[in-house]
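What you see is a predicted model; the values in this text were computed from it and never measured.
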Amino acid sequence: MSNPGKKIAKKVMEHAPEPVKDKVKEKVKEKVVDDFQDNVQDGIQSKVTEASEKLERTKEENADQVHSKAEDAKEKVQDVLLSVREKLGNAKEAGEEFQEKMSSSNKSRTKIKGVTDIKSSMDIKSSTQIKRSENIKSSKNIKSMTS
């Protein structure tokens, strides 16, 4: 109990008649205990309320930080995925170019004649197979555009 309360209790005890002093003393003790309990309860309640408000503020700040960090992480992941996609596209193009070069080099190899492709003496035309002047087409044999 506060100092003014103690002073008042002492004054009441001094001026109270003798037969009532015991009852007054008990009532004063009860009042002091009640006041003390109320003060303690109010103090604890205010501390709990203050802690609750602080916890709420901290919770909101953390939530804001988590959302901003998540947004940053999302952007970084998207950037990485885009760069990977670009690199894969470049690798695909390089692979296609490599395949083209390989296939074109294979085609050029098929143009080289082997031993079996060389003509023999049997394939050479004889003098009877050579065209004569009668077999050569003239301008009369050429089709015209009007036909």
- Any side-chain heavy atom of E71 sitting closer than 4.5 Å to one from H67? no
Rounded to the nearest 0.5 Å, the NZ atom of K76 sits from the NZ atom of K69 at a distance of 8.0 Å
Applying side-chain contact (heavy atoms from CB on, under 4.5 Å) to Q37 and D34, what does each step give before you reach the verdict?
CA-CA 5 Å; Q37 285 177 343; D34 287 344; 3.9 Å; yes
Rounded to the nearest 0.5 Å, the CD atom of Q78 sits from the CG atom of L81 at a distance of 8.0 Å
Taken to the nearest 0.5 Å, the spacing of T49 OG1 from D42 CG works out to 10.5 Å
Between the CD atom in E96 and the CD atom in Q99, the distance rounded to the nearest 0.5 Å is 7.0 Å
Taken to the nearest 0.5 Å, the spacing of K47 NZ from S52 OG works out to 14.5 Å
Separation between CG (D38) and NZ (K31), nearest 0.5 Å, reads 7.5 Å
Within a radius of less than 6.0 Å around CD of E86, do more than 12 heavy atoms belonging to other residues, nucleotides or ligands occur? no
Taken in chain and number order and not counting sequence neighbours, the residues that satisfy side chain to side chain contact (heavy atoms under 4.5 Å, CB included) with T58 are K54, N62
